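Below is one structure, written out as C-alpha cells; comments come after it.
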Amino acid sequence: MSTHSGDDARYTTYLPGGHHWSLRLRRGTTLTLTAREADTNVGLLCYNPENLLERLNLPDTLKAQHTFKLTRGHCLYSDMGRIFASIVADDLGWHDSVGGNLMPHHLLAKGWQSVSYQQAHNAWTRTGYDSFLVELAKYGLGRRDMAANLNLFSRVESDAQGRLRYVPGHCQPGASVTLRLEMDTLVILHTCPHPLDPSPDYPHRGVEIALGTAPAPTEDDICYRSRPENARGFANNRLYHLGL
Amino acid sequence: MIIESNQRPENAVSRTTVEAGDHYIGIVRAGQTLRLLDLEGNQAADTLFFNAHDTAERYSAMDTLREQGEVYLSAGSKLRSNEGRVLLTITADTCGRHDTLGGACASESNTVRYDLEKRHMHSCRDNWMQAIADHPEYGLTKRDITHNINFFMNVPVTEEGGLTFEDGISAPGKYVEMVAEMDVVVLISNCPQLNNPCNGYDPTPIELLIWD
Ligand SMILES: [Zn+2]
C-alpha cells in the first residue's frame, strides 16, 4: 500500500517513545513514519522556517477538505492558505485531529505517576505538551505558538450524537504513513502517548523515521485531485515559490 | 441541550451591539455572565477567550472537546484553556449546538475554499487582526489568534469522519450564555463571510449582554 516504503530513504532513524524531535525538511522530501507497536501516537506540528508565524492550522485543514479525520489524499494546511505537506501513503485510514496533547494533569488522573529521571533515565515519562514546549523553545517559540496538533496513528471518532471515542488497536505494528513536503517546513514531533490512551502504565512506543525524496506532484496526483480546494492550495504554493 | 436563562436584559450591566462584520474586544470578570444574542438569526460569532492576567493561557478547542468527550458545545460545556483550566462554563443555550472545529474564515483560507481571486473579501481573522492592532493594551499578536469557537454555527461530524457545513440552527432571539470562571479577555468577530451559508449569505448584528 505504501508508495514510498522507505526503500529510497536517505536517512533512517528511530525516535523512542516519550521523546521529541524537530527537523527542517525541504520541499520534495518525504517523511515516512512506521509504528513498531500497537497504539503508537505521534504528535505533529508544522511551521514555516522562513516565517515562524505561519503554522499548521487544523481548523483550516479540516474545513477545506470537509473532513474530521486525515488520511491518504489529504493535505496539511497553514493559516496562510498553503500546503505544508500532503499525505501520499497511509496504512491507517484515520489520523486524529481532535485529541490534542497529553498534559501533566493526565499523568495524575491516569495513575501514570511521573517518575524521576534518576529512576527512569530514558524511560522518563514526559507529556506531549512539555515535549512541544522543549522543541518550540529551540526556535524562539513558546506557549503562545503551540497550535492545535495532529495525532498521527491515533483514531478518535464521533458517534451520531457527537460523543467522542478513542479506538484502541487502531494502529498495528508495521503500520506506516508518508508525508510529502510541499514547501520547506519545520516539523516538530513527539512520541508521547495519546491523552485518551487507556493503558494502565505510561506506554513507551517509538516510531521508525525514514527520509526520502519524491518527484513534484502533477495534476493527476491523488492529493491534488482529492478535492477542488486542494488544487487551489497547490496553486497558492506555486505562487509562494514564484516569490509572491 | 436547550436551557433557558433567568437573566433579564434590563438588569444587564452592559449591552453592546456588534454590527454585521464588525468585531469586539473586552474583559468579562470572574463571576460575570456573558450572553451572545443572535438578533436577526443565522449569524456566526467567531470567538476567542484569554486569561486576562496571562494571555498565553487561552481557549483550546482540543482540550475542551477531549475533556468533555463530545464534539459540540452547548449548555454544560466547560470552555478549557491550553493549560486545562476552565475559562468559562456555558450555563444557558437556546440554540442547542455550537461548533469549535471549523475555525474562522480568513482571506487566505477563502482562496482555498472558494477562489484565489476572493482573497480580498472581509474575514474574521482580518477582524481579529484589526482588534489586536487597535488594542495593544491586551498584548495580543498573531501568535495568539488560534483555534476558536463558532457560536451559532452548525458543523456536524459524521461517524465516518466527515465534516459538513449545514445551514445554521440559530434563529432571531436565540442566545448562548456563559459564566466566567476567571477574568477573561473576549475577542469576537461577527462573521462577515459572504461565500457560505454560515450566516445565510446575509451577515447581521449580534448583541453582547453582561450581568454581574
Ligand atoms: Zn468568519
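Only heavy atoms go into these numbers, but all of them, side chains included; no hydrogens, no water, no symmetry mates. Just so it is clear, the model here is predicted, and its values are computed rather than measured. Every chain is numbered from 1 and lettered A, B, ... according to where its sequence line falls, protein lines coming before strand lines.
Side-chain contact between A:S158 and B:E159: absent, with no pair of heavy atoms (C-beta onward) separated by less than 4.5 Å. B:E67 has its side chain within reach of A:H106: a pair of non-hydrogen atoms, C-beta onward, lies under 4.5 Å apart.
When the shell of 6.0 Å around NE2 of A:H105 is examined, it contains more than 12 heavy atoms from other residues, nucleotides or ligands. Within 6.0 Å of NZ on A:K110 lie more than 12 heavy atoms contributed by other residues, nucleotides or ligands. Atom CG of A:N51 sits in a crowded spot, with more than 12 heavy atoms from other residues, nucleotides or ligands closer than 6.0 Å. No more than 12 heavy atoms of other residues, nucleotides or ligands sit less than 6.0 Å from atom CD of A:E219.
For the residue pair B:T141 / A:R144, no side-chain donor-acceptor distance below 3.5 Å is found, with atom types taken as modelled.
The contact between A:Y129 and chain B is made entirely by side chain atoms (from C-beta outward), counting heavy-atom distances below 4.5 Å. Contacts of A:L239 with chain B are made by side-chain atoms alone, with heavy-atom separations under 4.5 Å and no backbone atom involved. At a 4.5 Å heavy-atom cutoff, the contact between A:N57 and chain B is made by side-chain atoms alone. When heavy atoms are compared at a cutoff of 4.5 Å, B:Q68 does not approach chain A at all. Contact of A:M103 with chain B is made through the side chain alone, with heavy-atom distances under 4.5 Å. For chain B, no part of A:Y166 is nearby; none of its heavy atoms comes within less than 4.5 Å. Looking at A:R55, the atoms closer than 4.5 Å to chain B (heavy atoms on both sides) all sit in the side chain, from C-beta outward. If you measure heavy-atom distances from A:S97 to chain B, the contacts under 4.5 Å come from the backbone alone. Interface residue A:Q161: only backbone heavy atoms are found under 4.5 Å from chain B.
Between B:F165 and A:H66, the closest heavy-atom pair is CD1-CE1, 4.1 Å.
When the candidates A:P195, A:A64, A:A147, A:A235 are compared by the number of heavy-atom contacts under 4.5 Å with chain B, A:P195 comes out ahead. The greatest number of non-hydrogen atom pairs below 4.5 Å with chain A, out of B:P156, B:S60, B:G69, is found for B:G69. Comparing A:D159, A:D79, A:V156 by how many heavy-atom pairs each has under 4.5 Å with chain B, the most go to A:D79. Contacts with chain B were tallied for A:N149, A:T71, A:V98; A:V98 has the most, counting heavy-atom pairs under 4.5 Å. Of the listed residues A:A148, A:P104, A:G142, the one with more heavy-atom pairs under 4.5 angstrom with chain B than any other is A:A148. Chain B forms the most heavy-atom pairs under 4.5 Å with one residue out of A:A160, A:P228, A:G233, and that residue is A:A160. Chosen from B:E160, B:E70, B:E57, the residue pairing most often with chain A at heavy-atom distances under 4.5 Å is B:E70. Chain A forms the most heavy-atom pairs under 4.5 Å with one residue out of B:G84, B:G161, B:A61, and that residue is B:G161. Across A:A231, A:G81, A:P59, the residue that shares the most heavy-atom pairs under 4.5 angstrom with chain B is A:P59.
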Does B:R66 form a side chain to side chain contact (heavy atoms under 4.5 Å, CB included) with A:L196? I'd like the steps, not just the answer.
CA-CA 8 Å; B:R66 182 191 63 239; A:L196 298 175; 3.6 Å; yes

Side chain to side chain contact (heavy atoms under 4.5 Å, CB included) between A:L58 and B:M62, worked out
CA-CA 11 Å; A:L58 278 190; B:M62 298 187 145; 3.5 Å; yes

List the steps, then state whether side chain to side chain contact (heavy atoms under 4.5 Å, CB included) holds for B:T158 with A:F68.
CA-CA 8 Å; B:T158 69; A:F68 177 59; over 6 Å; no

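From A:L62, atom CG reaches atom NE2 of B:H147 across 7.0 Å, with rounding to the nearest 0.5 Å. In this structure, CG on B:L163 lies 11.5 Å from OG1 on A:T61, to the nearest 0.5 angstrom. Between the NZ atom of B:K142 and the CG atom of A:L53 there is a distance of 5.0 Å, given to the nearest 0.5 Å.
A salt bridge is defined here as a Lys NZ or Arg NE, NH1 or NH2 lying under 4.0 Å from an Asp or Glu carboxylate O, and B:R125 with A:D60 meets this definition. Looking at B:D54 and A:R143, a side-chain N of the basic residue comes within less than 4.0 Å of a carboxylate O on the acidic one, giving a salt bridge.
Screening residues 35-49 of chain B for salt bridge (Lys or Arg N to Asp or Glu O under 4.0 Å), with sequence neighbours left out, gives B:R35-B:E177.
The contact list for residues 93-118 of chain B toward chain A, using heavy atoms and a distance under 4.5 Å, reads B:L101, B:G102, B:G103, B:A104, B:C105, B:E108, B:S109, B:T111, B:V112, B:R113, B:Y114, B:D115, B:L116 by residue number.
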